[in-house]
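Structure record follows, encoded as C-alpha cells.
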Amino acid sequence: MTDFVFRTDSYLQSLGAQVTDVTPEGAIVLDRTIFYAASGGQPNDTGRIVSAAGTLPIVNVIHPEGDKTRILHVPADGGPTLSVGDAVSLELDWDRRYRLMRMHTALHLLSVVFPFPVTGGSVGEDKGRLDFDMPDVPGNLDELELRLNAMVAGNHTVASEWITDEQMAANPGLIKTMKVKPPMGQGRVRLVRIGDVDLQPCGGTHVANTSEIGPLKLGKIEKKGAQNRRVALLFA
C-alpha cells in the first residue's frame with residue numbers, strides 16, 4: 001500500500017521514498033508519494049523522481065483501472081531505469097500544484113455561492129469550472145462574485161477530517177455531486193471543511209486558508225443541457 005502523503009500535507013514539495021514495484025510498462029509504485037493521481041476533476045501532478053541512476057521526469061500519475069487505493073507514477077520515455085528497493089527523492093512541479101490547490105479550493109466556494117446540485121467539474125491552473133443542475137442563470141451575478149470574493153478574503157481555515165463509509169452513506173446531504181461518487185471504498189471518507197461555510201467529501205489537494213486563493217472572477221456561463229449550466233471561474 002502506498003501512503004498518500006499529499007492527503008495529510010499538501011504543501012510538501014519533496015519527499016524521500018522507496019520503489020516497491022515497477023510494472024511491465026515501466027510505471028513506478030512507491031511506498032509513499034506526494035504526487036496526486038488524476039481524480040475528481042483534478043489533473044495529475046507532474047515532477048521528477050531522482051535516484052542514484054539519474055532524474056526521471058514523471059509525466060502522468062494514475063489510479064490503475066480506477067483503483068483509488070493504488071497510484072502509478074508514469075515516467076517519460078528514455079529516462080534511467082529504476083528497480084524495486086531503490087531509494088529515491090520525489091520533486092513536484094510546485095508552482096503548477098499550488099495553482100491547482102488554489103483553484104480546487106475556490107471551486108468548493110463556488111458550490112456554496114451557486115447552491116445547486118453539481119453535475120461535473122474540472123480544475124485547471126488558470127481556470128476551473130463546475131456544471132450545475134441549474135434551470136436558469138441567476139440574475140445577480142455581480143452580487144454572487146462579490147460574495148465569492150468575500151469568502152476568499154474571510155481567512156477561513158481549510159482542514160480535512162475523516163468519517164467511515166457507513167457514516168457517509170448515512171449522511172447523503174454532504175454530497176453535492178450528482179454523477180461523481182465520493183471517494184469511498186477504503187473504509188473511510190475524507191471530508192474537507194472550509195471554516196463554517198462548507199463541508200463536503202473530497203480527495204483532492206487544497207490550500208490551508210481561503211486567503212491564499214486570491215481574487216476571483218466569474219467567467220462564461222454556458223448552457224450544456226435542458227437544466228445543465230457550466231460556470232467558469234478564473235483568477236482575477
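Nothing here was measured: the structure is a model prediction, and the numbers come from that model.
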Problem set entry | N209 side chain to N155 backbone, donor-acceptor under 3.5 Å | yes
Problem set entry | Contact check, side chains of L216 and F235, non-hydrogen atoms, under 4.5 Å | yes
Exercise. Mind checking whether V112 and L233 sit in one hydrophobic cluster, side chains of I, L, V, M, F, W, Y counted as touching below 4.5 Å?
Worked result: yes
Problem set entry | Side-chain donor or acceptor of D67 paired with backbone N/O of P64 under 3.5 Å | no
Exercise. Between M134 and L218, is there a shared hydrophobic cluster once you connect ILVMFWY residues whose side-chain heavy atoms come closer than 4.5 Å?
Worked result: yes
For this session: With the side chain counted from C-beta on, respond yes when V74 and N44 share a heavy-atom pair under 4.5 Å apart, and no when they do not.
Result: no
For this session: For E143, check salt bridge (charged side-chain N to carboxylate O under 4.0 Å, His left out) against everything at least two apart and list the hits.
Result: none
For this session: Side-chain contact test, heavy atoms from C-beta onward, threshold under 4.5 Å: evaluate it for W162 versus R7 and give yes or no.
Result: yes
For this session: Indicate yes or no: at least one non-hydrogen side-chain atom of H156 is less than 4.5 angstrom from one of D196.
Result: yes
For this session: Go through the steps for L56 and I28 under the test side-chain contact (heavy atoms from CB on, under 4.5 Å), then give the verdict.
Result: CA-CA 11 Å; L56 190 57; I28 300 156; 3.4 Å; yes
For this session: For R129 and L107, indicate whether the former's side chain and the latter's backbone hold a donor-acceptor pair under 3.5 Å.
Result: no
Problem set entry | Sole candidate of R96, R97, R99 that passes salt bridge (charged side-chain N to carboxylate O under 4.0 Å, His left out) when paired with E125 | R96
Seminar exercise, completed: Applying ring pair (Phe, Tyr, Trp, His ring centres under 6.0 Å) to W94 and not counting sequence neighbours gives Y98
For this session: Using salt bridge (charged side-chain N to carboxylate O under 4.0 Å, His left out) as the criterion, list what pairs up with D198, not counting sequence neighbours.
Result: K176
For this session: Please test D165 against V189 for side-chain contact (heavy atoms from CB on, under 4.5 Å), starting from the C-alpha separation and ending with a verdict.
Result: CA-CA 6 Å; D165 283 354; V189 179; 3.2 Å; yes
For this session: Please say which of R102, E212, H108, Q42 ends up in a side-chain hydrogen bond (donor to acceptor under 3.5 Å, both in side chains) with H206.
Result: H108
Exercise. Does a side-chain heavy-atom distance below 4.5 Å link D3 with D31?
Worked result: no
For this session: Go through the steps for V231 and F114 under the test side-chain contact (heavy atoms from CB on, under 4.5 Å), then give the verdict.
Result: CA-CA 9 Å; V231 180; F114 287 82; 4.2 Å; yes
Problem set entry | M151 reachable from L146 in the ILVMFWY side-chain graph, under 4.5 Å edges | no
Exercise. Is there a path of hydrophobic side-chain contacts, each under 4.5 Å between heavy atoms of I, L, V, M, F, W or Y residues, that connects L72 with I49?
Worked result: no
For this session: Would you list the pairs meeting side chain to side chain donor-acceptor pair (under 3.5 Å) in which at least one residue belongs to residues 222-236, sequence neighbours left out?
Result: T119-N228, D131-R230, D133-Q227
Exercise. Under 4.5 Å between side-chain heavy atoms, hopping through other hydrophobics if needed: is there a path connecting L141 to V113?
Worked result: yes
For this session: Please examine the side chains of R48 and D93, heavy atoms only from C-beta on, and report whether any two atoms are closer than 4.5 Å.
Result: yes
Problem set entry | Stepwise side-chain contact (heavy atoms from CB on, under 4.5 Å) test for V29 and T2 | CA-CA 8 Å; V29 183; T2 301; 3.9 Å; yes
Problem set entry | Validation row: V197, T210 side chains within 4.5 angstrom (heavy atoms) | no
Problem set entry | Test salt bridge (charged side-chain N to carboxylate O under 4.0 Å, His left out) applied to R193 - qualifying residues, sequence neighbours left out | E161
Exercise. What pairs meet the ring-ring contact (aromatic ring centres under 6.0 Å, His included) rule with one or both residues in residues 11-41, with sequence neighbours excluded?
Worked result: F6-Y36, F35-H73
For this session: Report yes if some heavy atom in the side chain of H63 is under 4.5 Å from a heavy atom in the side chain of I71; otherwise report no.
Result: yes
